[in-house]
Amino acid sequence: MSIDPRVALEALTAALEEHLAAASARRAPGDPAVEAAFFAVADAFEVYDDSLYEAYGEVTGLGVLDDDGDDEEEDVDDEEDLEILQ
């Protein structure tokens with residue numbers, strides 16, 4: 001069953017609002033409310049990105065980091081990157 005991208009976007013926006021509220025009310029590092037809000041944002045984002053792709057064949061170009069902080073690494077040519085900077 002496909003989810004309407006607009007509905008998924010509304011859920012993502014709500015999750016972001018909740019994350020902001022949790023972050024601004026944080027009482028200590030590692031606050032479980034902030035962590036729960038983080039995961040809610042990640043889940044809502046994945047649903048939105050998937051629904052966007054299913055409906056329109058498009059993606060946001062954004063991604064969610066893994067728990068260990070490593071994102072999927074791309075093969076990047078360092079020399080090519082340096083040429084862009086020069």
Side-chain angles (χ1 to χ4, degrees):
M1 181 173 106
S2 296
I3 295 177
D4 182 339
R6 293 181 196 282
V7 172
L9 178 59
E10 290 173 7
L12 175 57
T13 302
L16 287 166
E17 292 281 351
E18 289 296 321
H19 184 269
L20 176 59
S24 66
R26 176 189 308 237
R27 297 183 181 173
D31 188 328
V34 176
E35 184 176 334
F38 168 85
F39 287 114
V41 168
D43 292 343
F45 170 75
E46 289 182 10
V47 170
Y48 172 68
D49 211 39
D50 290 346
S51 68
L52 188 65
Y53 184 77
E54 287 179 23
Y56 305 113
E58 293 291 336
V59 293
T60 61
L62 304 173
V64 177
L65 294 176
D66 294 336
D67 288 343
D68 60 5
D70 292 334
D71 201 5
E72 293 180 20
E73 293 185 23
E74 297 179 16
D75 292 331
V76 177
D77 184 4
D78 289 337
E79 289 181 28
E80 183 178 302
D81 289 346
L82 290 175
E83 289 174 11
I84 293 171
L85 293 174
Q86 294 176 350

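One-based numbering along the sequence shown. Keep in mind the model is a prediction, meaning the values are calculated, not measured.
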Spell out, yes or no, whether Val41 and Tyr48 are grouped together once hydrophobic residues are joined by side-chain heavy atoms under 4.5 Å, including indirect joins.
yes
Note, Asp49 side chain near Leu62 side chain (heavy atom, < 4.5 Å)
no
Residues 8-21 side chain polar contacts: donor-acceptor under 3.5 Å, at least two apart:
{"from": "Thr13", "atom 1": "OG1", "to": "Leu9", "atom 2": "O", "distance (Å)": "2.9"}

Is it true that atom CZ of Arg6 has more than 12 heavy atoms of other residues, nucleotides or ligands lying nearer than 6.0 Å?
no
Which heavy atom of Val47 sits nearest to which heavy atom of Ile3, and what is that distance?
CG1-CD1, 3.7 Å
